[in-house]
Structure formats: structure tokens, C-alpha cells
Amino acid sequence: MINITLPDNTVQQHESGITAMEIAKKISEGLARNIISAEVNGEIWDATRPINKDARLKLLTWNDDGGKATMWHSSAHLMAEAIEQLFPGVKFGIGPDIENGFYYDIDTGDRTLTESDLVDIEKRMIDLAREKQQFERVDISKPEALKYFTEKGDEYKIELINDLTDGEITLYKSGTFTDLCRGPHVPDTGMIKAVKLLNIAGAYWRGDEKRKQLTRIYGITFPKKKELDEYLLMLEEAKKRDHRKLGKELELFTFSQKVGSGLPLWLPKGAQLRERLEQYLKRVQKEAGYLPVITPHIGNVNLYKISGHYDKYGQDSFRPITTPVEGEAFFLKPMNCPHHCEIFNAKPHSYKDLPIRYAEFGTVYRYEQSGELHGLTRVRGFTQDDAHIFCMPDQIKDEFKSVIKIIMRIFKALDFKEFVTQISLRDPNTPEKYIGSDENWEKAERAIIEVAEEEGLDAITEYGEAAFYGPKMDFMVKDAIGRKWQLGTIQVDYNLPERFDLTYTGSDNEKHRPVMIHRAPFGSLERFVAVLVEHCAGNFPLWLSPDQAIILPISEKYQKFAEKVLQFLNNSDIRALIDDRGEKISRKIRDAEVKKIPYMLIVGEKEESENQVSIRKHGEGDLGSFSLEEFAVLINKEVNRLQGFEV
RNA sequence: GCCGGUGUAGCUCAGUUGGCCAGAGCAGCUGAUUUGUAAUCAGCUGGUCGGGGGUUCGAAUCCCUCCACCGGCUCCA
């Protein structure tokens with residue numbers, strides 16, 4: 001007999017070899033029907049896999065992430081089976097479950113799969129699912145596994161097997177498809193009731209651009225048709241929040257082929273929005289002791305040779321521009337840090353001066369591969385809210401923490417609740433990608449890890465995500481359709497101070513090396529605005545909204561009064577305009593709603609006689625009549641509250 | 001950069017197997033209407049069908065090429 005501990009800590013005694021499915025049946029038939037897989041001592045197993053020793057058991061259904069993962073992983077197998085039947089001879093790479101669904105990488109040989117093939121594959125998947133195919137788990141020796149896939153002619157699986165240890169290799173068979181797989185899988189494919197293959201894309205084998213590109217098909221499945229419909233509807237809704245669409249509709253920014261791809265043009269409303277973000281951060285930074293600096297848009301190539309950026313990115317940059325007579329070469333500035341180092345070097349520093357914090361909204365230009373450009377989130381010219389903090393080693397943690405405070409303040413002011421804090425460290429397997437001594441790297445990495453712990457940040461750690469000169473703490477936010485973007489970043493750097501020979505005089509009257517912290521709370525204004533637009537679906541918080549109120553006269557008779565109201569609002573620092581078209585009030589309201597203007601002020605006979613305005617709030621409706629003074633107080637209170645400043 | 005897809009007016013889209021001057025709605029302009037909480041009516045303007053080349057008696061429709069954009073991959077100082 002073995003002891004099975006359930007999540008509520010009750011312990012059941014069972015025969016050795018019992019399965020999660022059998023245990024579920026004893027609890028209830030309904031549960032047994034819904035069970036997808038089971039967590040056994042923290043590992044996800046097939047519900048039908050025998051348990052031979054004491055275990056903690058959690059039964060997983062569609063309501064558990066682990067259950068969804070199992071179902072989607074099985075769906076990948078189901079799709080592979082369908083594809084193999086429809087297109088015999090294709091070879092398979094990997095086919096995992098992902099956050100929302102699954103994919104499979106396929107080598108289709110000479111054939112090219114297109115969107116229209118997806119429909120056929122979906123149909124076949126549904127047919128196969130209805131057969132209620134069971135997954136059979138087979139332990140297999142390494143030589144046998146190699147023999148099987150050699151005979152099948154699938155070199156990708158052979159490569160995968162060669163990296164595995166003999167004795168730990170399993171195959172899963174379902175229907176006509178057999179795959180190298182560690183599982184787990186659904187009890188049978190009948191649970192998969194709704195299938196949608198979402199898109200088709202190229203993907204390099206093992207993520208290596210030097211290797212063959214396979215065809216990747218992304219899909220998602222559900223246990224109920226209704227859930228699929230809801231998911232597709234949700235995707236449609238998300239697309240409406242896309243900053244590229246809203247940016248056009250709300251006249252925030254545009255691109256021009258004549259100007260060049262990846263070079264955003266900020267329209268007046270977008271420029272105003274961006275300026276407000278800059279003003280806000282300048283105010284916060286002034287309080288935090290930052291000093292403004294300004295540097296040019298180009299820099300001598302030698303500057304970047306000293307910083308190390310030339311070696312790392314010189315070939316992947318815009319070509320240098322040269323002076324016509326002397327032939328001196330200059331790069332468009334791809335980052336601000338080397339310039340700021342030279343500002344630090346402009347005069348000698350005492351330890352008493354530190355930390356010194358130089359801040360600049362610095363516009364930089366980077367050559368991004370054409371296929372990488374993406375709206376405002378990935379562009380070739382952008383403005384960083386950059387600053388570099390030069391400090392003594394024992395000041396690093398405090399400075400780092402005060403930067404975190406600024407980032408949290410901004411995220412709070414803009415209601416960014418869902419972000420991921422990521423500690424980006426070196427990849428220990430590729431030391432050639434990084435500059436600087438191991439000792440300095442370890443110091444820098446340790447500082448970041450300790451700060452995260454001391455601040456109680458729930459951070460994930462990613463190896464290989466560090467900058468080439470130092471580790472980072474990055475703040476990631478998702479866009480409307482779930483893509484993750486890095487916004488804020490804080491980086492500890494021991495390297496540039498050495499390369500630029502930065503020094504300060506310590507209390508011992510000796511020269512010492514400062515440490516540099518690179519930081520950008522927004523990251524880039526372009527990307528930040530993009531994510532902000534998607535986050536609020538274009539309904540900006542009042543303090544950022546390009547137009548805060550629109551005055552809607554009932555008819556031309558009230559134009560004079562409308563102008564009086566406008567003047568009052570302007571004097572009260574409220575951004576407003578008048579819709580003086582000869583349209584009906586309902587039309588003016590509709591247009592103002594579509595433009596997402598926060599407040600509509602309706603003025604007619606009643607309002608004029610009582611010197612009031614009738615307020616309608618965007619998305620909410622009529623709030624009733626108020627005096628102008630009351631409205632101004634209302635607005636200014638809301639603006640200050642949202643920005644996190646004292647009223 | 002790579003794989004696949006798309007490209008018709010400022011925007012959203014129609015344009016049958018290549019065939020008469022390329023269409024609609026919205027926006028814009030002009031006029032009428034002077035309006036009470038999400039679209040008043042009428043008229044008009046606007047496109048070398050992404051650029052270039054080719055096939056053809058004839059190309060928005062077929063082919064080649066370049067560009068841009070979209071979905072991924074790779075990359076992201």
C-alpha cells in the first residue's frame with residue numbers, strides 16, 4: 001500500500017500502481033470525466049500513469065494551468081498526426097505547449113504550407129479527436145529510439161535523442177503518430193472539442209539562424225466550442241487596442257515611406273502627450289537630485305571604440321558619416337552613455353560630490369533589421385529617458401533602490417499593475433559575448449540580486465539577457481496581444497568607468513574608480529507610449545490626454561458663451577476646444593466619444609442663463625450641471641491625484 | 001536578415017475566369033438645416049490600383065523585381 005496526500009492534506013491509502021484517474025473515479029465520476037493530468041510530487045504526469053510510491057497528488061483539470069498545458073501539448077501531437085496523414089513524409093522538430101496554445105515546427109520538404117492548408121488540418125484534427133485516441137507511453141532505449149527515427153528518416157528527432165540520456169527516453173503513441181516525448185498527455189483526444197490554427201511562420205531549427213528554417217504552426221484548442229469563440233472574440237477586441245491602429249485614429253503618430261521605415265513622425269497630439277510624460281519625469285527627477293545634460297546626435301567613431309560598442313555593434317550600425325576634408329568618421333549616436341562619461345570627465349570629482357546623476361532625453365539611432373521594425377515599439381530612431389549615475393561602490397544599492405522607486409511611481413501613476421521584473425544576467429556558456437572582468441561582473445550581479453531581495457521584488461532571473469557590459473534589472477510589460485516588451489531598465493556597469501578612466505578623489509586623497517548605473521524608467525518614449533496606448537485603449541489618464549474637454553454648443557446661438565467657457569478653462573490650465581460645427585448635439589457627442597475626449601461640456605440656453613456647463617464624461621454619460629469653478633476644481637484635483645503629486 | 005502573407009481615395013473595404021471612362025461608406029469641401037446627450041439632408045472633390053519591368057490587341061487582375069506593412073523566427077548597446 002502507498003500513501004497518497006491530496007491538496008487538502010488528507011491522506012488516502014491505495015494499492016501501489018494505482019493511477020490518478022482511478023483515484024479521481026473514487027471521488028466522483030464527474031471529476032474523472034474532467035481530469036486531464038495530475039501533479040505527482042510536483043511533476044505533471046499522465047492521469048493513467050501508475051503511481052508506485054507515496055506521493056502528493058493534485059488532480060489537474062482545464063481550470064489548472066498544468067491541465068491546460070497538458071491539453072495543448074497533446075493538441076500539438078494531434079496536429080502532427082493530422083499533418084503527417086495529410087502530407088506524408090514531413091519531418092518534425094519540436095512541438096511544445098506555450099502560454100496560449102501550442103505550436104509544432106515542421107520540415108515540409110519541397111512543399112509550402114499556406115493558410116488554406118490550416119483549414120484542412122483543423123478538420124482532420126477534429127476527426128482524429130473524435131476517435132478518442134489514447135496516448136500510450138513507451139519506455140525505450142536510446143539505440144532503439146535512434147533506430148526508430150532513423151528508419152522514419154527524421155533527422156531532427158535523432159539530433160534531440162542524441163542529447164538525451166539512455167534510460168530516460170520515452171515515446172508517446174496516439175493513433176498513427178509516434179513522437180519522442182516525455183509527456184504527459186490527456187487520457188484521450190476526445191477532450192479536445194474545438195481547434196483553431198492561428199498562424200503559420202518560419203522558425204529556425206533550435207533557434208539558430210545559421211540552421212534550417214522550419215515551418216511553425218501555432219494553434220490553440222479548447223474543451224468547449226464556446227470557449228474557443230470567446231477566445232477569438234477576445235483576440236478581436238485586443239486588436240482594437242493595437243497602438244498602431246489607435247495611433248492613427250487618435251492622430252498621435254505616423255510613418256512615411258519617404259522619411260524612412262522605423263522613423264516615427266509625432267503628430268501634434270502625440271507630441272503633446274509625449275511632452276507631458278517628459279515634463280512629469282523631469283519633475284520627479286529634479287526631486288531625486290538629477291542634473292540635466294545635453295549631448296549631440298553624433299559622436300566620433302573613436303568614442304565608441306573606447307566604449308566597446310564599436311567592436312560589438314560597429315558592423316550592425318548605420319555606416320559612419322565622414323567630414324569632407326579630413327575624413328573624420330562619426331556615428332549617429334546609438335546610446336548616450338559614452339557622452340555622459342565625458343561630461344563626468346570634464347572636471348575632477350571628489351567623493352563628496354558623489355553620487356552624480358546626469359539625465360538627458362537623448363535621441364538615439366540604431367540600425368534594426370528590417371523584419372524587426374514594429375510600430376512604435378521597435379524603431380530606428382527613438383528617445384531614451386536616459387540617466388547615468390556615477391557613484392562609489394557602497395552607494396550602488398541605495399541608488400539602485402531610488403531608481404526602482406521612480407519606476408514604481410511611474411507605473412503607479414499610469415496604472416501599470418501587471419509587469420514582470422526580470423534580473424538579466426550573463427549566460428555562463430558564452431563568456432565571449434561580454435566585456436570586463438569576472439570579478440566586476442560578479443560584484444554587479446550580486447548587487448542587483450541583493451537589491452531585488454531587500455526590496456522584496458518578485459523577480460524572475462534570465463541568463464544570457466544581460467547587456468554586454470553589465471547585468472540589468474528590466475521591467476517588462478505586455479502589449480494588447482500578449483507580446484512582452486522591455487520598458488524600464490537599470491544596469492550596473494563597472495566597465496565604462498574603466499574604459500573612460502573615470503576617477504574621483506577619495507577621503508584618503510587617492511584616485512578611485514566610480515561605478516556607473518545606467519537607467520531609463522520609460523526605456524524609450526516611443527515604446528512607452530505604444531504600451532501606454534494599448535494599456536488604456538487610447539483612454540488616457542486626464543493629465544496626459546491631449547484634449548481634456550470639448551465644449552459642445554447646442555447651436556450657433558451659444559457660440560459666444562462657449563468661447564467664454566473656453567477662455568475660463570484656458571485660464572484654469574485645462575486643455576479644451578469648441579466643436580462649432582453646425583451639427584446636432586447628438587452628432588457632436590458621438591464624434592467626441594469616438595475621439596475619446598475625457599469631458600464633454602454641453603452648453604445651451606439653460607447653461608448660459610445659469611452660467612453653468614452640463615458635463616458628460618467619456619464612456620460614462622451625463623453627470624449633470626456644474627458651475628465652471630466646480631468643473632475646474634474637479635479636473636485639477638483629478639490631474640494631481642493621478643500624477644501622484646500632492647494637491 | 002530569414003519564412004509566409006498583404007498592398008485599390010485620408011480611413012475601412014468592393015472589384016466575377018484579364019475586357020467599355022475603377023466603385024461604396026466614412027472623412028474633406030460647398031450649400032441647406034440651428035438642433036438638448038453616440039451619426040440631419042443634398043451636391044461636389046479626391047485614386048498613374050505600392051514603385052519599376054515584362055506577357056498580352058488589352059493588366060488593379062498573370063509573371064519578374066524592388067519597397068513598405070502584417071504574423072512569426074533571429075537580433076535588440
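Lettering of chains follows the sequences in order, A, B, ..., and the numbering in each one begins at 1. Just so it is clear, the structure is predicted and the values come from calculations on it, not from any experiment.
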K.L.:
Determine, answering yes or no, if A/Y313 is stacked on B/A77 under the 5.5 Å centre rule and the 30° plane rule.
P.N.:
yes
K.L.:
When you match A/E368 and A/E593 each to their closest nucleotide on RNA chain B, which lands nearer the 5' end?
P.N.:
A/E593
K.L.:
Using the P atom as the point on both nucleotides, what is the distance between B/G15 and B/G53, in whole Å?
P.N.:
28 Å
K.L.:
Establish whether the base of B/C75 is bridged to the side chain of A/R378 by a donor-acceptor pair shorter than 3.5 Å.
P.N.:
yes
K.L.:
B/A32 pairs with which nucleotide, Watson-Crick or G-U wobble, both distances below 3.5 Å?
P.N.:
B/U40
K.L.:
Of the options A/T295, A/I298, A/T363, which is the one that meets A/K333 in a side-chain contact (heavy atoms from CB on, under 4.5 Å)?
P.N.:
A/T295
K.L.:
Watson-Crick or G-U wobble partner for B/A24, using a 3.5 Å limit on both distances?
P.N.:
B/U12
K.L.:
Classify A/Y304 by what it touches in the nucleic acid, base, sugar-phosphate, or nothing, heavy-atom distance under 4.0 Å.
P.N.:
nothing
K.L.:
Establish, for the pair A/R216 and A/Y103, whether the NZ or CZ atom is under 6.0 angstrom from the six-membered ring centre and no further than 45 degrees off its axis.
P.N.:
yes
K.L.:
Using a heavy-atom cut-off of 4.0 Å across all strands, would you classify A/K557 as base, sugar-phosphate, or nothing?
P.N.:
sugar-phosphate
K.L.:
With a 4.5 Å limit on heavy-atom distance, are the side chains of A/L273 and A/F540 in contact?
P.N.:
yes
K.L.:
For A/Y310 and A/F331, take the angle between the two ring planes, folded into 0 to 90°, and tell me which bin it lands in: parallel under 30, tilted 30 to 60, perpendicular over 60.
P.N.:
tilted
K.L.:
Rounded to the nearest Å, what distance is computed from the CZ atom of residue A/R380 to the P atom of nucleotide B/C67?
P.N.:
11 Å
K.L.:
Would you confirm whether A/E638, through its side chain, and A/I635, through its main-chain N or O, come within 3.5 Å as a donor-acceptor pair?
P.N.:
no
K.L.:
Ring-plane angle category for A/W485 and A/H374, please: parallel below 30°, perpendicular beyond 60°, tilted otherwise.
P.N.:
tilted
K.L.:
Between atom OH in A/Y599 and atom P in B/A38, what is the gap in whole Å?
P.N.:
18 Å
K.L.:
What integer distance in Å separates A/K248:NZ from B/C69:P?
P.N.:
11 Å
K.L.:
Rounding to a whole Å, what distance do you find between A/L197:CG and B/G72:P?
P.N.:
16 Å
K.L.:
Using a cut-off of under 3.5 Å, enumerate the N/O to N/O pairs linking the protein to nucleotides 24-33 of chain B.
P.N.:
{"residue": "B/A27", "atom": "OP1", "partner": "A/R587", "partner atom": "NH2", "Å": "2.2"}

K.L.:
Between B/U56 and B/U61, how many Å separate the two C1' atoms, rounded to a whole number?
P.N.:
13 Å
K.L.:
Base, sugar-phosphate, or nothing: which does A/R483 touch, judged by heavy atoms less than 4.0 Å apart?
P.N.:
sugar-phosphate
K.L.:
Donor-acceptor pair under 3.5 Å: do we get one between A/E209's side chain and the base of B/C73?
P.N.:
no
K.L.:
Under the 3.5 Å rule, do the base of B/G1 and the side chain of A/Y204 count as making a donor-acceptor pair?
P.N.:
yes
K.L.:
Return the orientation label for the A/H297 and A/Y365 ring planes: parallel under 30°, perpendicular over 60°, tilted otherwise.
P.N.:
tilted
K.L.:
Mind checking A/G308 for me? I need base, sugar-phosphate or nothing, with any heavy atom below 4.0 Å counting as a touch.
P.N.:
nothing
K.L.:
Quick check for you: among B/U35, B/A77, B/C3, whose closest atom lies nearest to any side-chain atom of A/K472?
P.N.:
B/A77
K.L.:
Could you check which of B/U35, B/C69, B/G4 has an atom nearest any side-chain atom of A/S261?
P.N.:
B/C69
K.L.:
Does any nucleotide pair with B/C75 by Watson-Crick or G-U wobble geometry, both distances under 3.5 Å, and what is it?
P.N.:
none
K.L.:
Figure out the CG/P separation between A/L198 and B/G5, and round it to whole Å.
P.N.:
18 Å
K.L.:
Output the single nucleotide from B/G36, B/U12, B/A77 whose closest atom is nearest the side chain of A/K606.
P.N.:
B/G36
K.L.:
Are the side chain of A/H243 and the backbone N or O of A/L532 linked by a donor-acceptor pair below 3.5 Å?
P.N.:
no
K.L.:
Counting distance alone, no hydrogens or angles: does the base of B/G36 have a donor or acceptor under 3.5 Å from a partner atom on the side chain of A/E607?
P.N.:
yes
K.L.:
Among B/G4, B/C11, B/A77, which nucleotide has an atom closest to any side-chain atom of A/I200?
P.N.:
B/G4
K.L.:
Does A/D580 offer a backbone N or O that forms a donor-acceptor pair with the side chain of A/E556 under 3.5 Å?
P.N.:
no
K.L.:
Given the C1' atoms of B/A68 and B/G50, what is the spacing between them in whole Å?
P.N.:
7 Å
K.L.:
Kindly point out which of B/G4, B/U35, B/C73 is positioned nearest to the side chain of A/R216?
P.N.:
B/C73
K.L.:
Taking the side chain as C-beta and beyond, is there a heavy-atom pair between A/P553 and A/K588 under 4.5 Å?
P.N.:
yes
K.L.:
Taking the C1' atom in each of B/C29 and B/G46, what is the distance between them to the nearest angstrom?
P.N.:
10 Å
K.L.:
Name the closest nucleotide to the A/N199 side chain, picking from B/G71, B/G1, B/U37.
P.N.:
B/G71
K.L.:
With a 4.0 Å cut-off on heavy atoms, is A/I585 in touch with a base, just the backbone sugar-phosphate, or nothing at all?
P.N.:
sugar-phosphate
K.L.:
I'd like the P distance from B/G5 over to B/C66, given in whole Å.
P.N.:
15 Å
K.L.:
When the nearest nucleotide of RNA chain B is assigned to A/K433 and to A/T112 on a heavy-atom basis, which residue is associated with the more 5' position?
P.N.:
A/T112
K.L.:
For nucleotides B/G54 and B/U17, find the distance between their C1' atoms and express it as a whole number of Å.
P.N.:
22 Å
K.L.:
Assign A/E605 to base, sugar-phosphate, or nothing according to its heavy-atom contacts below 4.0 angstrom with the strands shown.
P.N.:
base
K.L.:
Within the 4.0 Å heavy-atom criterion, would you say A/A201 contacts the bases, only the backbone, or no part of the nucleic acid?
P.N.:
base
K.L.:
Is it the case that the side chain of A/D427 and the backbone of A/N429 share a donor-acceptor pair, with hydrogens and angles ignored and the cut-off at 3.5 Å?
P.N.:
yes
K.L.:
What nucleotide, of B/G5, B/U35, B/G72, holds the atom closest to the side chain of A/T114?
P.N.:
B/G5
K.L.:
Expressed in angstrom and rounded to an integer, what is the separation of A/K588 atom NZ from B/U40 atom C1'?
P.N.:
13 Å
K.L.:
Please measure how far the C1' atom in B/G4 lies from the corresponding atom in B/U12, and state the result in whole Å.
P.N.:
25 Å
K.L.:
Does A/F255 reach a base, just sugar-phosphate, or nothing at all? Heavy atoms under 4.0 Å.
P.N.:
nothing
K.L.:
Taking atom P in both B/C69 and B/U30, what distance in whole Å separates the two?
P.N.:
35 Å
K.L.:
I'd like to know if the side chain of A/R211 and the backbone of A/W205 have a donor-acceptor N/O pair within less than 3.5 Å.
P.N.:
no
K.L.:
Does A/I306 offer a backbone N or O that forms a donor-acceptor pair with the side chain of A/R499 under 3.5 Å?
P.N.:
yes
K.L.:
Taking the side chain of A/M335 as its heavy atoms from C-beta onward, which of B/U34, B/A77, B/G4 lies nearest to it?
P.N.:
B/A77
K.L.:
Look at the side chain of A/Q369 and decide which nucleotide, out of B/C75, B/A38, B/C73, has an atom nearest to it.
P.N.:
B/C75
K.L.:
Report the distance from atom NE2 of A/H374 to atom P of B/C75, rounded to the nearest whole Å.
P.N.:
18 Å
K.L.:
Parallel, tilted or perpendicular: which describes the rings of A/F522 and A/F528, with under 30° parallel and over 60° perpendicular?
P.N.:
tilted
K.L.:
With the side chain of A/Q213 defined as its heavy atoms from C-beta on, choose the nearest nucleotide among B/A39, B/C69, B/C73.
P.N.:
B/C73
K.L.:
If B/C49 has a Watson-Crick or G-U wobble mate with both distances under 3.5 Å, name it; if not, just say none.
P.N.:
none
K.L.:
What is the separation between atom CG on A/D579 and atom C1' on B/A39, rounded to the nearest whole Å?
P.N.:
13 Å
K.L.:
Can you list, in residue-number order, the parts of residues 612-626 of chain A that come under 4.0 Å of RNA chain B, counting heavy atoms only?
P.N.:
A/S614, A/R616, A/D622
K.L.:
Look through every strand shown and name the nucleotide pairing with B/G4 as Watson-Crick or G-U wobble, where both distances are under 3.5 Å.
P.N.:
B/C70
